[in-house]
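See below for the structure under consideration.
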Amino acid sequence: MSDTGIGIVGCGVISGVYLANIPRLPGLALRAVCDLSPDAARAAAEAHGVEALSLDDMLARDDIDIVVNLTTPAAHASVGRRVIEAGRHLYHEKPLCASLAEARELTRLAEAGGLRVGCAPDTVLGGGYRAARAALDEGRIGRPLGGTATMMVAGHERWHPAPDFYYARAGGGPLMDMGPYYLTALVHLLGPVREVVALSARPRAERRIAAGPRAGESVSVEVDTHLAGALSFEGGALVQIAMSFDVAAHWHAPIEIHGTEGSAKLPDPNRFDGTVELSGGDTLDAVDFPCGAGNWRGLGLCEMAAAIREGRPHRADAAIALHVLETIEALHEAARTGRSVAVESRCDRPEPMPAKETT
């Protein structure tokens with residue numbers, strides 16, 4: 001069977017790792033790239049030996065099966081809709097869309113057209129969280145009771161040359177940016193969220209860019225940048241969550257899960273590797289897969305392409321991405337209103353990835 005043809009829309013910072021990984025992942029063939037900036041598209045195309053096309057021309061190609069949308073969150077819905085209407089499968093960088101309403105409409109269109117929608121993060125399919133999933137499923141800490149999820153940094157303006165979208169009203173803030181990694185990992189481990197509470201704050205009205213050609217420019221902050229909340233999972237676990245662009249340093253683990261018989265300290269869900277530490281002193285190294293260690297963004301795309309060829313569900317699916325996005329919106333609403341907010345959607349925990357396979 002021939003490889004699955006891939007087109008990429010958006011040649012910004014995150015595209016580099018996808019462009020490098022897609023030719024190395026089994027069953028994928030990178031065909032073309034597209035960007036609002038013709039110079040950015042040409043540079044990416046020349047570096048990776050593919051064509052730079054307009055979106056219309058990309059969608060007219062019959063050798064492109066899945067389009068990977070790496071645009072900013074505010075453009076996810078409009079670009080995704082064009083891909084679906086052209087009869088192509090769609091894989092999005094996180095979050096699925098800038099709003100839950102947009103995401104629901106996009107997935108409705110895909111279902112009506114018999115098309116797949118996949119969505120990052122796929123880090124949860126990597127070796128570190130395969131080990132974590134195995135530890136919980138094997139009962140190494142007993143029944144999960146609670147935990148913590150912590151992502152606190154000083155802000156992406158320190159390194160990103162164009163950080164405006166991180167602070168924009170549509171799709172901005174630490175929860176929309178980094179929350180999908182943590183929430184997706186928790187859903188894979190604990191199942192769906194049923195209710196949330198939260199408080200949030202916006203300590204600064206502007207951020208100053210520190211890197212790149214716009215260094216010294218100020219960016220307006222349109223969203224709250226520090227959130228503290230709690231998640232009640234359908235299975236009974238209660239998890240505290242902290243997401244911030246306002247913290248210079250901290251000593252918290254990215255994720256900890258506490259159970260009736262012990263606790264587990266889990267690796268960074270923004271990575272594919274890492275070690276699981278258990279309270280009894282045992283450690284579980286990342287489960288191997290053929291690609292080896294490293295940043296393998298695109299693994300979820302690879303698994304999705306294989307699932308399409310084999311006629312089975314894919315793991316980085318729209319149902320999880322929708323549930324995570326609803327949980328994010330619920331946390332924001334809880335912080336705004338001061339009330340607990342129910343999460344109505346449900347999703348299944350996907351089957352764990354086979355220990356030494358990527359597809």
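Keep in mind it's a predicted model, so treat the numbers as computed, not measured.
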Which residue in the set N21, D3, D65, L301 passes side chain to side chain contact (heavy atoms under 4.5 Å, CB included) when paired with L28?
L301
Given L231, which partner from the list V197, L331, L238, V343 fulfils the side chain to side chain contact (heavy atoms under 4.5 Å, CB included) test?
L331
Got a donor-acceptor contact below 3.5 angstrom from the R202 side chain to the V223 backbone?
yes
Mind checking the [atom1]-[atom2] spacing from [X] to [Y]? Nearest 0.5 Å is all I need.
| X | Y | atom1 | atom2 | result |
| --- | --- | --- | --- | --- |
| M178 | D268 | CE | CG | 6.5 Å |
| D122 | E93 | CG | CD | 8.0 Å |
| I84 | L59 | CD1 | CG | 10.0 Å |
| L175 | L325 | CG | CG | 9.5 Å |
| L70 | S15 | CG | OG | 6.5 Å |

In terms of side-chain heavy atoms, does R143 have a donor or acceptor partner in T260 at a distance below 3.5 Å?
no
We want to know whether R309 and T4 form a side-chain donor-acceptor pair, criterion being a heavy-atom distance below 3.5 angstrom.
yes
Looking only at heavy atoms, what is the nearest atom pair of T71 and N69, with distance?
OG1-OD1, 2.7 Å
Which heavy atom in A230 sits nearest to a heavy atom in I241, and how many Å separate them?
N-CG2, 4.2 Å
Quick check on the 6.0 Å ring-centre criterion: do Y129 and H188 meet it?
no
Hey, would you say the F165 and H160 ring centroids sit under 6.0 Å apart?
yes
N-O pairing of D56 and R82 below 4.0 Å:
yes
Heavy-atom side-chain proximity of R207 to H156 below 4.5 angstrom
no
Output, in order, the C-alpha distance, side-chain angles, deciding distance and verdict of side-chain contact (heavy atoms from CB on, under 4.5 Å) for H332 and I328.
CA-CA 6 Å; H332 285 154; I328 288 171; 3.8 Å; yes
